[in-house]
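What follows is a set of notes on a single structure, which appears directly below.
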Amino acid sequence: MAENNPVNVAVVGATGAVGEKIIEILENKDLPIKELKLLSSKRSAGKKVTFNNQELTVEEALPESFSNIDIALFSAGGSVSKKLAPEAVKRGAVVVDNTSAYRMAEDVPLVVPEVNESDIQSHNGIIANPNCSTIQMVAALKPIQEAFGLSRVIVSTYQAVSGAGNKANEELDNQVKQYVNNEDMTAELLPVKGDEKHYPIAFNALPQIDVFQENGYTFEEMKMINESKKILHAQDLPVAATCVRLPFFTSHAESVYIDVEKEGLSVEDIWNALRGADGVTLQDDPATQTYPTPLSAANKEDVFVGRVRKDLDSNKGFHLWVVSDNLIKGAAWNTIQIAERLIANKWL
């Protein structure tokens, strides 16, 4: 396909939190879209969405929906992706999947374009978009890995409620009102909708994101561990994660400890590696209290890094604070970047 040839694009999960962001970003980008098809569950079908001053009707996602579609952007849950992504590929579309359904499949590239763009070309019809918390961490770590090597990563996350969807945001909003009115806070969704217990997130911290695995880690933590190794092409890299949900709406923050392979580095060396990195913005000046926060990163496409410190006990250890909008770079924007690279490099 020639670079400037227009493409037919489908968005699956068009009425969800990420799907809405995908549509919003597509309006402001130069992706050469000939036709945009919006797809959802039967329940949400029929809704009207405005795109480039045109009113589009959301349709139910069915196998035949992907006829004549070049790129299908999926963000409707893993079960939907497992059912419909192969149907889209069968009809000639390339799928960029935002769920965990295919991330660890050997024949599916797992891509953050600033980190491993070349992996896209090995696709067999499906490309996986990583977990939101993984995306921002590996974007910050890649330039450090290239410059100095990495021998260990330990991350603790501080994740926004929007990572659990629009209804989780509504639950937080309701709980805040209940708390202010001296009412009992009702919890039905977090930490995991399908799990037995639910806890209020308002004025709270929940050290569980997704279900627990047999090893005591949550699925979210194992996503970060396994996905980071795959994206960085470092299967032997020790990675540990603790993932925590906090009561704010947008952007994930992470405290990341790393051991580099090179000795004798300074904070300035790490700064210099980060300054030249695509998609990364350094905001780090303790003298002026300059560092990224979830609010300052909201609605922005970059990954922001600050609080770079040399560890006081390890000659090769450094600490970083990494923040990014989980719905934009952590999901919608990264998905669209992959689509852009597919077209620009003629990898469709």
Side-chain angles (χ1 to χ4, degrees), residues 12-13 15-21 40-44 74-85 97-105 110 128-137 154-179 183-228 239-255 294 326-327 330-331:
V12 185
T15 60
V18 175
E20 289 173 351
K21 282 293 182 184
S40 72
S41 65
K42 186 175 183 178
R43 184 182 67 255
S44 298
F74 273 68
S75 188
S79 60
V80 174
S81 293
K82 286 180 179 178
K83 179 182 177 182
L84 290 180
D97 183 42
N98 228 315
T99 77
S100 61
Y102 297 100
R103 287 174 186 159
M104 297 312 298
L110 182 65
N129 199 66
N131 185 48
C132 45
S133 48
T134 303
I135 288 174
Q136 66 189 66
M137 184 174 77
I154 301 173
V155 56
S156 295
T157 71
Y158 309 79
Q159 296 182 220
V161 171
S162 58
N166 285 333
K167 289 191 179 299
N169 275 354
E170 293 172 10
E171 184 161 281
L172 169 57
D173 190 50
N174 289 334
Q175 288 170 1
V176 170
K177 293 172 183 174
Q178 290 169 337
Y179 183 88
E183 300 170 359
D184 290 337
M185 292 189 288
T186 55
E188 299 177 355
L189 292 175
L190 295 174
V192 182
K193 181 179 180 181
D195 228 336
E196 293 183 9
K197 289 185 178 180
H198 300 100
Y199 299 100
I201 184 62
F203 311 102
N204 207 1
L206 302 181
Q208 179 190 359
I209 300 179
D210 220 314
V211 294
F212 283 105
Q213 308 297 289
E214 288 185 3
N215 62 4
Y217 286 78
T218 65
F219 189 43
E220 181 84 357
E221 291 160 353
M222 292 310 301
K223 286 182 205 174
M224 291 197 73
I225 291 166
N226 294 325
E227 292 176 22
S228 298
V239 181
T242 301
C243 295
V244 181
R245 187 81 70 192
L246 289 184
F248 48 85
F249 293 114
T250 304
S251 302
H252 293 342
E254 299 171 348
S255 173
N326 56 299
L327 297 182

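Rounding to the nearest 0.5 angstrom, the gap separating the CE atom in Met104 from the CG atom in Leu110 is 7.0 Å.
When atom types are taken as modelled, the side chain of Thr99 and the backbone of Ala101 share a donor-acceptor pair closer than 3.5 angstrom. Checking side-chain atoms of Gln213 against main-chain N and O of Met222 turns up no donor-acceptor pair under 3.5 Å. Using a distance-only test at 3.5 Å, with no hydrogens or angles considered, a donor-acceptor pair links the side chain of Asn326 to the main chain of Ser251. In terms of modelled atom types and a separation under 3.5 Å, the side chain of Asn174 and the main chain of Glu170 share a donor-acceptor contact. Here the side chain of Thr218 pairs no donor or acceptor atom with the backbone of Phe212 at under 3.5 angstrom. Here the side chain of Glu227 pairs a donor or acceptor atom with the backbone of Asn131 at under 3.5 angstrom. Using a distance-only test at 3.5 Å, with no hydrogens or angles considered, no donor-acceptor pair links the side chain of Tyr158 to the main chain of Pro294. Without hydrogens or angle criteria, Glu214 side chain to Gly216 main chain gives no donor-acceptor distance under 3.5 Å. Although no hydrogens or angles enter the test, the distance criterion places no donor-acceptor pair under 3.5 Å between the side chain of Glu254 and the main chain of Val155. With hydrogens and angles disregarded, a donor-acceptor distance shorter than 3.5 Å links the side chain of Arg245 to the backbone of Ala160.
Side-chain N/O atoms of Gln175 and Asn204 include no donor and acceptor closer than 3.5 Å. Side chains of Thr186 and Gln178: a donor-acceptor N/O pair is present below 3.5 angstrom, by distance only.
Between Leu190 and Leu172 there is no side-chain heavy-atom pair separated by less than 4.5 Å. Thr134 is not listed as a side-chain neighbour of Arg103, based on a closest heavy-atom distance of 4.5 Å or more. Residues Phe203 and Pro247 are not in side-chain contact: their nearest non-hydrogen atoms beyond the backbone lie 4.5 Å or more apart.
The 12-atom threshold is not exceeded at CG of Asp184, counting heavy atoms of other residues, nucleotides or ligands nearer than 6.0 Å. Heavy-atom contacts from other residues, nucleotides or ligands closer than 6.0 Å to OH of Tyr179 number 12 or fewer. The neighbour count for Tyr217 OH, taken as heavy atoms of other residues, nucleotides or ligands under 6.0 Å away, does not exceed 12.
The nearest pair of heavy atoms linking Cys132 to His252 is SG-NE2, 3.3 Å. Across all non-hydrogen atoms, the minimal contact from Ala331 to Asn129 is O-ND2, 3.5 Å. Summarising the geometry of Leu206 relative to Pro200, their closest heavy-atom pair is CD2-O, 3.9 Å, with the distance given to 0.1 Å. Among all heavy-atom pairs drawn from Val80 and Phe74, the shortest one is O-CE2, 4.3 Å. Across all non-hydrogen atoms, the minimal contact from Ile225 to Val239 is CG1-O, 3.5 Å.
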Candidate pair Glu220 and Gln159, rule side chain to side chain contact (heavy atoms under 4.5 Å, CB included), full reasoning: CA-CA 11 Å; Glu220 181 84 357; Gln159 296 182 220; 3.0 Å; yes

Pair Asn166-Glu20, side chain to side chain contact (heavy atoms under 4.5 Å, CB included): steps then yes or no: CA-CA 11 Å; Asn166 285 333; Glu20 289 173 351; 4.0 Å; yes

Trace of the side chain to side chain contact (heavy atoms under 4.5 Å, CB included) decision for Gln208 with Glu221: CA-CA 9 Å; Gln208 179 190 359; Glu221 291 160 353; over 6 Å; no

